[in-house]
*Asks:* 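Take a look at this one; I'll ask things after.
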Amino acid sequence: MSVVKSPLPEQDRKTVGDALQGALVDLVDLSLVAKQVHWTIVGPRFRSVHLQLDEVVASARQHADTVAERASALGVPPDGRADTVARTSGIAPLGGGWTKDVDVVRLLVDALDAVITRMRERIRDTGDPDPVSQDILIGLTADLEKHHWMFQAENA
């Protein structure tokens with residue numbers, strides 16, 4: 001049941017809803033992964049990477065909210081529950097314990113790469129059915145790619 005009606009045809013709403021749901025899950029997981037390693041990073045670059053991780057968390061959370069609200073506006077109930085995120089995220093599971101700064105950087109580069117790859121697929125999928133949602137995905141992907149670049153530069 002959908003209490004919010006969308007002007008999109010049902011098939012387009014499904015395509016766009018799936019893309020937005022996938023984006024939401026990846027953004028929620030990215031924020032969790034970045035915050036977890038923010039708490040457990042150790043090493044000589046602790047402070048600079050620690051602060052950089054907060055930027056990723058803030059960005060991912062802001063974009064997750066925008067994506068979830070867009071889904072709601074289209075009559076698609078967003079699902080950011082922990083079990084949904086754990087089952088469907090494209091980010092590799094994170095180990096526990098302390099994490100060396102060089103490993104944190106590599107981990108974030110890999111996580112961002114996975115999310116960006118999936119976002120670019122969603123950008124392609126949403127172009128025809130809903131350019132408005134596509135625009136949201138393009139904007140957030142640009143931000144993720146900036147973070148990706150900055151973390152890669154940490155290991156140059």
Side-chain angles (χ1 to χ4, degrees), residues 1-39 41 48-94 104-156:
M1 172 185 97
S2 179
V3 295
V4 177
K5 303 297 181 206
S6 168
L8 291 177
E10 185 58 32
Q11 183 55 44
D12 289 350
R13 190 172 77 85
K14 168 131 180 46
T15 298
V16 174
D18 289 348
L20 293 171
Q21 177 59 37
L24 174 62
V25 163
D26 284 348
L27 291 165
V28 168
D29 199 21
L30 179 63
S31 72
L32 293 171
V33 166
K35 190 48 103 170
Q36 179 62 36
V37 294
H38 165 90
W39 294 325
I41 186 174
S48 63
V49 177
H50 181 82
L51 295 173
Q52 193 175 357
L53 289 164
D54 271 340
E55 294 172 8
V56 173
V57 171
S59 179
R61 287 178 177 169
Q62 177 184 5
H63 288 303
D65 192 53
T66 300
V67 165
E69 289 177 356
R70 178 64 184 163
S72 292
L74 295 176
V76 177
D79 186 355
R81 296 173 296 164
D83 66 320
T84 302
V85 172
R87 268 187 297 106
T88 61
S89 172
I91 300 173
L94 184 63
V104 167
V105 170
R106 179 194 43 76
L107 201 151
L108 256 288
V109 168
D110 291 347
L112 286 161
D113 187 68
V115 173
I116 291 164
T117 298
R118 289 166 49 116
M119 289 299 178
R120 287 189 162 276
E121 292 169 5
R122 295 174 183 123
I123 289 167
R124 282 189 298 276
D125 292 347
T126 55
D128 287 334
D130 185 23
V132 175
S133 294
Q134 183 191 47
D135 185 56
I136 290 168
L137 296 173
I138 289 169
L140 73 87
T141 301
D143 284 350
L144 295 176
E145 288 177 343
K146 182 177 178 183
H147 291 302
H148 189 246
W149 157 56
M150 291 183 159
F151 273 100
Q152 288 180 79
E154 287 280 343
N155 277 343

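The residues of the chain are indexed from 1 along the displayed sequence. Computed from heavy atoms alone, side chains included, the values below leave out hydrogens, waters and symmetry copies. Worth saying up front: this structure is predicted, and the values here are computed from it rather than measured.
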*Asks:* Scan for salt bridge (Lys or Arg N to Asp or Glu O under 4.0 Å) pairs involving residues 128-138, sequence neighbours excluded, and state none if there are none.
*Replies:* Arg70-Asp130
*Asks:* To the nearest 0.5 angstrom, please state how far the CD1 atom of Ile116 sits from the NE2 atom of His147.
*Replies:* 9.5 Å
*Asks:* Does His50 offer a backbone N or O that forms a donor-acceptor pair with the side chain of His38 under 3.5 Å?
*Replies:* yes
*Asks:* Can you find a heavy atom in the side chain of Val4 that is under 4.5 Å from one in the side chain of Leu74?
*Replies:*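 No, side chains not in contact.
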*Asks:* For the atom pair CG (Leu32) and CD1 (Ile91), what is the distance rounded to the nearest 0.5 Å?
*Replies:*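 Answer for the CG-CD1 pair, Leu32 versus Ile91, is 8.5 Å.
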*Asks:* Measuring from Lys146:NZ to Ser59:OG, what's the distance to the nearest 0.5 Å?
*Replies:*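 Those atoms lie 9.5 Å apart.
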*Asks:* Enter the distance from Leu107:CG to Leu53:CG here, rounded to the nearest 0.5 Å.
*Replies:*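 The CG atom of Leu107 sits 9.5 Å away from the CG atom of Leu53.
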*Asks:* About how many Å separate CG of Leu137 and CZ of Arg124, when rounded to the nearest 0.5 Å?
*Replies:*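 Reported value, rounded in 0.5 Å steps: 12.0 Å.
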*Asks:* Within the side chain of Arg13, is there an N or O that forms a donor-acceptor pair under 3.5 Å with the backbone of Ser6?
*Replies:* no
*Asks:* Quick check: closest heavy atoms across Leu24 and Ala68, and the distance to 0.1 Å?
*Replies:* CD1-CB, 4.1 Å
*Asks:* According to salt bridge (Lys or Arg N to Asp or Glu O under 4.0 Å), does anything in residues 48-68 pair up with another residue at least two apart or in another chain? List the pairs.
*Replies:* Lys35-Asp54
*Asks:* Using modelled atom types and a 3.5 Å cut-off, is there a donor and acceptor pairing between side-chain atoms of Gln21 and backbone atoms of Asp79?
*Replies:*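 Yes; at least one donor-acceptor contact below 3.5 Å.
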*Asks:* Which atom pair, heavy atoms only, marks the closest approach of Leu8 to Pro129?
*Replies:*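 Minimum heavy-atom separation between Leu8 and Pro129: CD2-O, 3.3 Å.
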*Asks:* With no hydrogens and no angle check, is any side-chain donor or acceptor of Ser89 less than 3.5 Å from a backbone partner on Val85?
*Replies:*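 The answer is no, because no donor-acceptor pair under 3.5 Å joins these two groups.
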*Asks:* Are any non-hydrogen side-chain atoms of Ser72 and Pro77 less than 4.5 angstrom apart?
*Replies:*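 Answer no - side chains too far apart.
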*Asks:* Which heavy atom of Val57 sits nearest to which heavy atom of Ser31, and what is that distance?
*Replies:*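 That closest heavy-atom pairing would be CG2-O, 3.6 Å.
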*Asks:* Ser133 and Leu20: which non-hydrogen atoms are nearest, and at how many Å?
*Replies:* OG-CD1, 3.9 Å
*Asks:* Any non-hydrogen side-chain atom of Glu145 less than 4.5 Å from a side-chain atom of Met119?
*Replies:* no
*Asks:* Side chains of Glu154 and Gln52, heavy atoms from C-beta outward: is any pair under 4.5 Å?
*Replies:* yes
*Asks:* Minimum heavy-atom separation for Phe151 to Val105, with atom names?
*Replies:*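 Minimum heavy-atom contact is O-CG1, 3.1 Å.
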*Asks:* Which residue pairs pass the salt bridge (Lys or Arg N to Asp or Glu O under 4.0 Å) test when at least one of the two sits in residues 17-29, sequence neighbours left out?
*Replies:* Lys14-Asp18, Asp26-Arg118, Asp26-Arg122
*Asks:* Would you find a donor on one side and an acceptor on the other, under 3.5 Å apart, between the side chain of Thr84 and the backbone of Gly80?
*Replies:*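 Between the backbone of Gly80 and the side chain of Thr84 there is no qualifying donor-acceptor contact (under 3.5 Å).
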*Asks:* Would you call Thr66 and Leu140 a side-chain contact if the rule is heavy atoms closer than 4.5 Å?
*Replies:*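 Result no, sub-4.5 Å side-chain heavy-atom pair not found.
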*Asks:* Using distance alone, with no hydrogens and no angle criterion, decide if Thr15 and Asp125 have a side-chain donor and acceptor under 3.5 Å apart.
*Replies:* no
*Asks:* Looking at Val67 and Ala23, what are the two nearest heavy atoms and their distance?
*Replies:* CG1-CB, 4.1 Å
